[in-house]
Amino acid sequence: AVRILQDDVACDIIKIGSLVRKRETFIKRRARLLGPKGSTLKALELLTNCYIMVQGNTVSALGPFSGLKEVRKVVLDTMKNIHPIYNIKTLMIKRELAKDPELRTQSWERFLPKFKRKNLKKRKEPKKKNTKKEYTPFPPPQPESQIDKELASGEYFLKERQKKRKQMEEIKAKQADAIKRRQEERNKAFIPPKEKPVVKTKKASTEKKIDIEAIKEKVKNAKKKKLGALPEEEVKLKMAADEKKKKKK
């Protein structure tokens, strides 16, 4: 408290009690501001050079004006469900940039990270929707009893013998329907399947015409030649060679 009397020290009290409706969510977000074992609060104090105290529905801070401004922003964002780690990262980058004298006059937007909000998946709609019926001041009609149904159909005035006979007829009718259904299911196995229509295959068109005259000539030449015999020209040459050999002798 004595530090407030100094010229370069100021004080700020942030009211966080009315920022969140539910008490449970308020306690969770306040605990998020403190962090595990007060680590988040300690990091904020080091980065802003401020003394921060979280108690009840208020957050009190003590330090320079620039630090108090950052503390207020972080506290309000935390209560709006933005994690303080994002703001701590930006503060760390700003602290490093402030050390460079060339970048002091320039804008730091290109260096600062841009965090996008993740839209949570919408709740799946239930398969069975309970639709509310129209409100009517009159109560629903009373359901008919078994005696009322018998009176309406006339069964109430029948004798026991007649009632039993009617029940037996109903049972027999149900049995006959069941037998008929079973027979139809059994007959399904004997029904032949539908045959596919036969597709007529086209006759293969003879592209090459058979030369009959050439075949006849080949057959004639084959008949003239004897099996295992030499052709006429070779025979003549052999005869001439034999005659020359005799003359030489």
Side-chain angles (χ1 to χ4, degrees), residues 14-37 39-40 54-59 74-87 114-207:
I14 307 153
K15 291 180 181 179
I16 57 171
S18 60
L19 295 172
V20 185
R21 287 183 182 181
K22 288 183 181 180
R23 185 73 182 168
E24 289 174 2
T25 51
F26 168 72
I27 291 159
K28 282 178 185 177
R29 286 176 193 178
R30 190 177 65 183
R32 195 183 290 169
L33 187 66
L34 291 163
K37 295 180 182 179
S39 59
T40 309
V54 181
Q55 193 171 9
N57 295 335
T58 56
V59 177
V74 173
V75 171
L76 293 173
D77 285 349
T78 307
M79 300 316 287
K80 287 175 186 175
N81 203 18
I82 297 163
H83 206 279
I85 196 73
Y86 299 124
N87 287 312
K114 291 175 182 177
F115 301 105
K116 291 180 181 178
R117 286 188 179 182
K118 289 181 182 178
N119 292 329
L120 296 167
K121 288 181 181 179
K122 291 180 181 177
R123 193 174 73 84
K124 289 181 181 179
E125 291 183 0
K127 289 180 181 178
K128 292 180 180 179
K129 290 183 179 179
N130 295 325
T131 53
K132 286 185 179 180
K133 295 177 182 178
E134 291 181 4
Y135 173 73
T136 51
F138 306 106
Q142 197 173 359
E144 288 184 349
S145 63
Q146 191 66 26
I147 296 162
D148 293 335
K149 287 175 183 177
E150 286 178 1
L151 285 165
S153 61
E155 288 179 23
Y156 186 77
F157 302 104
L158 294 171
K159 291 178 182 179
E160 285 184 11
R161 243 187 233 170
Q162 289 173 335
K163 283 180 183 178
K164 282 181 182 178
R165 194 186 294 165
K166 196 177 182 182
Q167 283 176 356
M168 288 298 292
E169 284 173 2
E170 286 174 0
I171 290 161
K172 282 178 183 178
K174 283 179 183 178
Q175 284 175 350
D177 288 336
I179 290 159
K180 194 179 180 182
R181 265 190 246 112
R182 274 187 223 140
Q183 198 67 34
E184 284 174 0
E185 284 177 5
R186 283 174 190 167
N187 291 336
K188 278 180 185 177
F190 300 103
I191 296 165
K194 289 182 180 179
E195 292 181 357
K196 292 179 180 178
V198 180
V199 180
K200 289 181 180 179
T201 54
K202 293 180 180 179
K203 289 179 181 180
S205 60
T206 55
E207 291 179 0

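Computed from heavy atoms alone, side chains included, the values below leave out hydrogens, waters and symmetry copies. Just so we're clear, the structure is a prediction, and the values are computed from it rather than from any experiment.
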### Message
Please check: side-chain N/O of R30 versus main-chain N/O of G56, any donor-acceptor pairing under 3.5 Å?
### Response
yes
### Message
With rounding to the nearest 0.5 angstrom, report the CD to NZ distance, E169 to K172.
### Response
8.0 Å
### Query
Within the side chain of R29, is there an N or O that forms a donor-acceptor pair under 3.5 Å with the backbone of M79?
yes
### Message
Any heavy-atom pair between the side chains of F26 and I16 that's under 4.5 Å?
### Response
yes
#### Entry: Side chains of L158 and K164 in contact at under 4.5 Å (non-hydrogen atoms)
no
### Task
Write down the atom of L19, the atom of K15, and the distance for their closest heavy-atom approach.
CD1-O, 3.9 Å
### Message
Test your reading of the model: is there a side-chain donor-acceptor pair from S153 to the backbone of K149, 3.5 Å cut-off?
### Response
yes
### Summary
To the nearest 0.5 Å, atom CD of E144 lies from atom CD of Q142 at 10.0 Å
### Message
Tell me whether the count of non-hydrogen atoms from other residues, nucleotides or ligands lying under 6.0 Å of NZ in K163 goes above 12.
### Response
yes
#### Entry: Separation of R32 CZ from L34 CG (nearest 0.5 Å)
12.0 Å
### Summary
In this structure, CD1 of I179 is separated from CD of E184 (nearest 0.5 Å) by 12.5 Å
### Query
Which heavy-atom pair separates N87 from V74 by the least distance, and what is that distance?
CB-CG2, 3.7 Å
## Note on the structure
Closest heavy-atom pair, P84 versus T40, reported as atoms and distance to 0.1 Å, is CG-CG2, 3.8 Å
## Note on the structure
CG of D148 to OH of Y156, rounded to nearest 0.5 Å, is 10.5 Å
